[in-house]
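Notes to accompany the following structure.
Count residues from 1 along the sequence.
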Amino acid sequence: MAELSGKKSKTMNILRILGDQVGEFKKDSILTPLFMICEVIMETIIPIMMASIIDNGVEAGNMNHIYLMGALMVCAAGISLLVGFMGGKYGASASSGFARNLRESMFRNIQTYSFSNIDKFSTAGLVTRLTTDVTNVQNAYQMILRMLTRAPASMIFAMAMAFVISPRLASIYLIAVIFLGICLFFIMRSAATNFRQVFHKYDDLNASVQENISGIRVVKAYVREDYEKSKFQTASENVYRLFVKAEKVLSWNNPLMQFTVYACILLISWFGAKTIVAGNLTTGQLMSLLTYCMNILMSLMMLSMVFVMITMSSASAERIAEVLTETPDITNPEQPLYEVADGSIEFNNVQFQYSHHAERPVLQDINVKIRSGETIGIIGSTGSAKSSFVNLISRLYDVTAGSVKVGGRDVREYDIETLRGEVSMVLQKNVLFSGTILENLRWGDKNATEEECIRACRLACADEFIQKMPDKYNTYIEQGGSNVSGGQKQRLCIARALLRKPKILILDDSTSAVDTATDAKIRQAFAEEIPGTTKLIIAQRISSVQSADRIIVMNEGRIDGIGTHEELLKTNEIYRDVYEAQTGGGGDFDEAAPETDGQKKGE
């Protein structure tokens with residue numbers, strides 16, 4: 001009982017959430033069912049007029065009555081056509097507007113998510129919810145406004161008129177309605193479970209497509225087309241299998257409906273003929289009963305279609321509600337600060353983990369003070385939590401324990417936009433958007449002049465390759481920056497970050513794709529042109545951080561050492577080993593130093 005009550009409460013909550021999105025289309029949503037009811041009234045009147053023509057016109061030989069009733073039937077049909085058209089028009093407007101509002105509200109809410117919120121939903125899952133799920137709900141809403149109003153109204157009016165004409169014969173309809181209602185209930189309940197499962201499989205299908213298309217160059221480079229085809233086929237097969245399973249259940253719908261329709265027609269014709277012979281029913285009334293029979297049973301068929309659509313869309317509605325009700329983990333305080341004093345940074349006993357269920361923190365016992373304008377290098381092996389460390393500065397995540405201060409104040413005291421406006425990040429995964437180079441650069445500052453954009457590109461050593469392009473700064477960047485190299489993409493992203501004129505600049509391994517000479521030029525430009533900006537440079541190459549004021553060595557979520565290049569060579573074993581590996585012809589930070597001849601001999 002408690003479980004049933006919980007499900008009912010959950011359903012009502014989802015309906016309330018989605019109902020709030022109807023918004024300015026409430027008028028259209030009210031007018032649609034009103035027009036549908038008007039259409040049903042006209043369709044209910046027409047069989048009465050037809051019976052009158054047969055009984056009082058044809059059989060009585062009264063042509064004037066035939067003309068009068070015929071004219072009234074034409075008028076009723078015309079009104080039915082008009083109100084039906086208006087119902088369709090307003091229904092389309094209401095459902096399309098409802099879908100638009102849903103998409104906009106979902107997209108707006110997604111923009112407020114913190115990284116931890118986004119981690120709960122896959123990219124493919126969010127795409128499915130914004131597209132397939134919204135379309136399902138839109139179709140269901142239109143059918144609810146039109147069919148769910150029209151079908152019951154038509155059934156009630158037709159049943160009432162049938163009972164007025166002949167209660168005995170009308171009871172056949174009543175039995176048929178009860179029989180079909182019970183059958184439809186079990187069919188819909190059985191199909192609902194499969195439809196709920198199928199949309200989760202849609203997420204897997206979209207994920208396969210998205211991953212394949214975004215990484216198509218890698219797929220072709222490694223000749224993995226067959227593997228990707230197999231993976232997509234598996235995801236597609238899962239969707240197909242569940243849909244077939246659901247449709248097998250629904251396939252009982254039409255045969256049951258047809259059986260009931262023909263059974264009713266036969267019974268009405270049989271008993272109706274006997275009643276006419278007995279003189280208790282006229283021919284016109286029998287024709288009206290048969291017409292109402294079709295109205296009632298067609299209404300049942302429409303209701304079954306509505307229930308199928310509602311069943312399919314209920315899972316979609318639940319998934320949409322999840323996105324709409326997800327509240328951002330990171331929000332503004334009640335009285336936020338709107339000014340960051342300087343670029344100083346302080347970590348006090350910081351611990352951080354992405355999930356409360358994690359076995360151990362990603363970062364632990366982090367204590368460090370960074371002066372405003374200082375250049376800090378950060379190195380460490382893969383998985384040492386370098387990116388997690390810098391993500392806390394702009395409050396992309398909140399600390400689990402301890403505090404992070406910027407400009408002498410806890411980052412949780414700031415207005416989020418103000419804080420992130422003063423902390424520019426160039427992330428590991430560089431992203432460019434479709435549009436010109438200038439349009440991409442102005443993500444950093446939408447009001448930046450072309451001269452300011454050029455200056456930022458010169459600091460990032462991007463101007464030299466932009467000037468060689470046919471349209472220079474008006475060159476169009478394809479989606480994802482596919483028409484520029486990795487190094488060029490990194491330099492454009494650095495220039496974009498510089499345009500914000502931040503107090504803190506974070507480069508998260510964002511010069512890995514540029515050559516060492518260009519890397520050195522970028523660092524020199526930073527030192528000369530933005531000396532007052534605090535710079536945090538995450539890198540695998542020690543040469544990228546060697547000239548920093550201080551270098552932080554990260555190891556397994558802890559600070560293993562901190563100091564200048566010379567100090568760390570003397571005091572930090574990890575730093576010294578990597579330096580010797582890289583200067584001695586070794587690889588990056590994750591590779592151990594090669595053994596010397598003396599080491600091989602055990603000296």
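Ion pairing of E43 with R150 is present here, as a side-chain N (NZ or NE/NH1/NH2) and a carboxylate O approach within less than 4.0 Å. Ion pairing of K405 with D410 is absent here, as no side-chain N (NZ or NE/NH1/NH2) approaches a carboxylate O to less than 4.0 Å. Between E24 and R100, at least one side-chain N (NZ, or NE/NH1/NH2) sits under 4.0 Å from a carboxylate O, which counts as a salt bridge.
R129 approaches V134 most closely through the heavy-atom pair O-CG2, 3.1 Å. Counting all heavy atoms, side chain and backbone alike, G435 lies closest to N440 at O-ND2, 3.7 Å. When all heavy atoms are compared, the tightest approach of G91 to Q142 is C-NE2, 4.0 Å. When every heavy atom of M554 is checked against every heavy atom of A385, the shortest pair comes out as CE-O, 4.1 Å. Of all the heavy atoms in S316 and V137, the pair that sits closest is CB-CG2, 4.0 Å. Closest non-hydrogen pair, S434 versus Y476, comes out as CB-OH, 3.5 Å.
For the side chain to side chain contact (heavy atoms under 4.5 Å, CB included) with V399, the lone residue among R412, Q353, Q351 that qualifies is R412. Shown are D398, L363, I345; of these, the side chain to side chain contact (heavy atoms under 4.5 Å, CB included) with L392 is made only by L363. L536 pairs with exactly one of L507, L505, I504, D508 by the side chain to side chain contact (heavy atoms under 4.5 Å, CB included) rule, that one being I504. Of the candidates I320, N13, N101, L18 forms a side chain to side chain contact (heavy atoms under 4.5 Å, CB included) with just one, namely I320.
Under the 4.5 Å side-chain criterion, counting only non-hydrogen atoms from C-beta, C453 is in contact with R442. Side-chain contact between V404 and V350 is present, with at least one heavy-atom pair separated by less than 4.5 Å. Using a 4.5 Å cut-off on side-chain heavy atoms (C-beta onward), I30 and Y90 make no contact. Within the 4.5 Å cutoff, no side-chain heavy atoms of M36 are placed close to those of V83. Contact of the F433 side chain with the I477 side chain is not registered, since no non-hydrogen atoms from C-beta on lie closer than 4.5 Å. By the 4.5 Å heavy-atom criterion applied to side chains, V426 and I506 are not counted as neighbours. R146 has its side chain within reach of T32: a pair of non-hydrogen atoms, C-beta onward, lies under 4.5 Å apart. With a 4.5 Å cut-off on side-chain heavy atoms, L396 and R420 count as touching.
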Original post:
Given I538 and V390, is the side-chain contact (heavy atoms from CB on, under 4.5 Å) satisfied, shown in steps?
Top reply: CA-CA 9 Å; I538 296 176; V390 297; 3.8 Å; yes

Subject >> Evaluation steps, side-chain contact (heavy atoms from CB on, under 4.5 Å), between V40 and T44 >> reply: CA-CA 6 Å; V40 168; T44 306; 4.0 Å; yes

Original post:
Does the pair I45 and I41 meet the rule for a side-chain contact (heavy atoms from CB on, under 4.5 Å), with working shown?
Top reply: CA-CA 6 Å; I45 292 172; I41 291 171; 3.9 Å; yes

**OP:** Determine, step by step, whether F98 and Q21 satisfy the side-chain contact (heavy atoms from CB on, under 4.5 Å) criterion, reporting the C-alpha distance in whole Å, the side-chain angles of both residues, the deciding distance to 0.1 Å, and the verdict.
**Re:** CA-CA 6 Å; F98 174 54; Q21 303 304 316; 3.9 Å; yes

**OP:** For F347 and F389, run ring pair (Phe, Tyr, Trp, His ring centres under 6.0 Å): C-alpha distance rounded to whole Å, both residues' side-chain angles, the deciding distance at 0.1 Å, then the answer.
**Re:** CA-CA 10 Å; F347 281 70; F389 175 82; 4.4 Å; yes

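Annotation for E339: atom CD does not count as buried by contact number, only 12 or fewer foreign heavy atoms lying within 6.0 Å. Within 6.0 Å of CD on E556 lie no more than 12 heavy atoms contributed by other residues, nucleotides or ligands.
Between the side chain of Y414 and the main chain of V406, a donor-acceptor pair closer than 3.5 Å is present. The backbone N or O of R103 sits nowhere less than 3.5 Å from a side-chain atom of R108 that would complete a donor-acceptor pair. The backbone N or O of A497 lies less than 3.5 Å from a partner atom in the side chain of S424, making a donor-acceptor pair. Side chain of S96 to backbone of S93: no donor-acceptor contact under 3.5 angstrom is found. Under a 3.5 Å cut-off, the side chain of N109 and the backbone N or O of S105 do not form any donor-acceptor pair. Between the side chain of E326 and the backbone N or O of V323, no donor-acceptor pair lies under 3.5 Å. Between the side chain of N474 and the backbone N or O of I437, no donor-acceptor pair lies under 3.5 Å. Between the R496 side chain and the W443 main chain, no donor and acceptor come within less than 3.5 Å of each other. When atom types are taken as modelled, the side chain of R409 and the backbone of V340 share no donor-acceptor pair closer than 3.5 angstrom.
With values rounded to the nearest 0.5 angstrom, I144 atom CD1 is found 11.0 Å from N139 atom CG. Residue C38 holds its SG atom at 9.5 Å from CD1 of I79, rounded to the nearest 0.5 Å. Atom CD1 of I330 and atom OH of Y113 lie 14.0 Å apart (nearest 0.5 Å). Atom CE of M143 is separated from atom CG of L148 by 9.5 Å, given to the nearest 0.5 angstrom. Rounding to the nearest 0.5 Å places CD1 of I378 at 9.5 Å from NZ of K386. To the nearest 0.5 Å, atoms CG (L102) and CG (D20) are separated by 10.5 Å.
No hydrogens or angles considered: a donor-acceptor pair under 3.5 Å links the side chains of S29 and Y141. Side-chain atoms of S313 and N136 include no donor-acceptor pair closer than 3.5 Å.
Ring geometry for Y397 versus F352: interplanar angle of 30 to 60°, hence tilted.
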